[in-house]
Student: 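Below you'll find the structure I mean.
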Protein chains: 2
Amino acid sequence: MVRQPSINAQHRAPLSTERIIEAALRIVDGQGLARLTMRRLGDALEVEAMAIYHHLPRGKEQLLDGLVAHVASAPADTAAQGAWRDVLRAWATDYRTRLLTHAGVLPLVVTRRNPAALTTTVASLREVLRRGGVPEDTAAVAAHTLLGYVIGHAALEARGTVEDGADRATDWNARFAAGLDLVIGGVR
Amino acid sequence: MVRQPSINAQHRAPLSTERIIEAALRIVDGQGLARLTMRRLGDALEVEAMAIYHHLPRGKEQLLDGLVAHVASAPADTAAQGAWRDVLRAWATDYRTRLLTHAGVLPLVVTRRNPAALTTTVASLREVLRRGGVPEDTAAVAAHTLLGYVIGHAALEARGTVEDGADRATDWNARFAAGLDLVIGGVR
DNA sequence: ACCTGAACACCGTTCAAGT
DNA sequence: ACCTGAACACCGTTCAAGT
């Protein structure tokens with residue numbers, strides 16, 4: 001006779017790296033990075049904190065790396081039709097939204113030594129430029145400049161930097177778009 | 001007769017917010033942000049951790065805010081002679097160096113809600129542009145774009161993003177300068 | 001005024017044990 | 001194979017006490 005799994009095991013999906021990362025992201029987005037603890041993450045997954053180590057042997061380090069990979073790895077569509085400037089503008093708009101949606105992981109994106117995530121992203125930008133006929137050297141600079149701008153601007157937005165004591169609120173959308181045109185328009 | 005301060009009190013400078021911030025920055029620069037704890041900071045200052053709370057009542061929060069203020073608040077020289085493009089280029093070069101020197105605080109700069117530090121910096125950039133004859137609206141966009149670029153690029157550098165599997169190491173200095181020209185050159 | 005010592009409620013992680 | 005429970009060495013912070 002086959003052993004019955006416990007009631008607990010029945011009514012919940014089995015633990016997996018993917019489910020762990022998703023639950024972690026939900027905590028970070030909802031409560032902030034500081035409140036992401038292994039114990040709380042375990043609670044959210046209805047499991048003891050120590051169970052997480054079975055899927056992420058490197059523990060919290062690996063968890064944070066996973067969050068960065070999940071958020072920062074969003075390459076541009078290198079197969080897209082249309083002018084490369086439009087392709088890059090569309091990518092930048094999406095990427096900014098993505099970073100702001102998960103603003104809590106921004107500090108991790110910014111300093112975690114986890115090359116893979118940003119590497120594929122920056123490579124896709126270079127590829128879009130290259131296909132658009134931009135010389136290799138210029139493409140490398142432009143790809144980096146663009147990614148740097150988007151990340152930096154998202155960081156400024158996330159912090160809500162107010163630069164005038166005046167009444168009118170900063171229109172971040174318009175400002176981002178204008179700066180984006182400045183950067184993309186500067187590539188030649 | 002005047003009471004003698006203890007031997008301890010004689011051979012060390014009295015605690016102050018400034019000394020605390022400096023010691024904290026030394027720990028972050030030397031060992032990384034994760035190793036900055038109140039107890040270790042106390043050790044470095046030859047004091048019990050709890051003594052720090054007397055100078056920073058808001059505790060570690062206030063300490064981190066102080067680090068951000070110390071690192072990120074570096075306005076451009078609004079009184080400088082010469083073309084505004086040169087002034088901004090010089091500021092950006094210095095600011096990048098500053099951020100990379102204290103790369104450990106970058107994650108704090110990026111997300112801490114501490115308007116003051118970056119606000120004065122961005123205001124100085126706007127002022128340089130305004131004095132250079134750039135229209136108000138353009139100046140606001142350009143100031144933000146420039147600061148965003150410098151922070152974002154520094155973040156990419158700090159992470160050491162390698163974008164080609166090739167042998168030749170990325171020349172970050174050249175790349176930063178090229179992107180900087182792209183951004184500053186785009187302002188008109 | 002300034003600092004200390006003990007205490008409290010939390011962390012991340014290990015390790016042996018359960019099923 | 002996958003998860004648990006107890007334990008360890010650390011956190012940030014409070015609070016009463018010392019000088």
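Chain identifiers are assigned alphabetically (A, B, ...) following the order of the sequence lines, protein sequences preceding nucleic acid strands; residue numbering begins at 1 within each chain.
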Student: Could you check whether A/W172 and A/F176 have their ring centres less than 6.0 Å apart?
Tutor: no

Student: I'd like to know if the side chain of A/T121 and the backbone of A/A72 have a donor-acceptor N/O pair within less than 3.5 Å.
Tutor: yes

Student: Nearest-Å distance, CE (A/M50) to P (D/dA1)?
Tutor: 22 Å

Student: Decide side chain to side chain contact (heavy atoms under 4.5 Å, CB included) for A/L64 and A/L36; before the verdict, give the C-alpha distance in whole Å, the side-chain angles of both, and the deciding distance to 0.1 Å.
Tutor: CA-CA 10 Å; A/L64 299 183; A/L36 175 62; 4.1 Å; yes

Student: Between D/dC2, D/dG12, D/dG5, spot the one nearest the side chain of B/T37, thanks.
Tutor: D/dG12

Student: In Watson-Crick or G-U wobble terms, both distances under 3.5 Å, what is the partner of C/dG12?
Tutor: D/dC8

Student: Figure out the CD/P separation between B/Q62 and D/dT13, and round it to whole Å.
Tutor: 11 Å

Student: Round to the nearest Å and state the distance from A/I52 atom CD1 to C/dT14 atom C1'.
Tutor: 15 Å

Student: Rounded to the nearest Å, what distance is computed from the CG atom of residue B/L56 to the C1' atom of nucleotide C/dC3?
Tutor: 14 Å

Student: Would you name the heavy atoms of A/A76 and A/S124 that are closest together and state the gap between them?
Tutor: N-OG, 2.8 Å

Student: Name the residue closer to the 5' end of DNA chain C, choosing between A/R40 and A/P57 according to the nucleotide with the nearest heavy atom.
Tutor: A/R40

Student: Side chain of B/Y53 only, please: which of D/dG5, C/dC3, D/dG12 is the nearest?
Tutor: D/dG12

Student: To check you understand the geometry: which heavy-atom pair defines the closest contact between A/R85 and A/I184, and what is its length?
Tutor: NH1-O, 2.6 Å

Student: Would you tell me if any nitrogen or oxygen in the side chain of B/H55 comes within less than 4.0 Å of OP1 or OP2 on C/dC3?
Tutor: yes

Student: In whole angstroms, how far is the P atom of D/dT4 from the CG atom of A/D43?
Tutor: 11 Å

Student: Can you check the B/R39 CZ to C/dC3 P distance for me, whole Å?
Tutor: 18 Å

Student: Between C/dT4 atom P and B/L45 atom CG, what is the distance in whole Å?
Tutor: 11 Å

Student: Both distances below 3.5 Å, Watson-Crick or wobble geometry, any strand: find the nucleotide opposite C/dA1.
Tutor: D/dT19

Student: Nearest whole angstrom, please: distance from the C1' of D/dC11 to the CG of B/L41.
Tutor: 14 Å

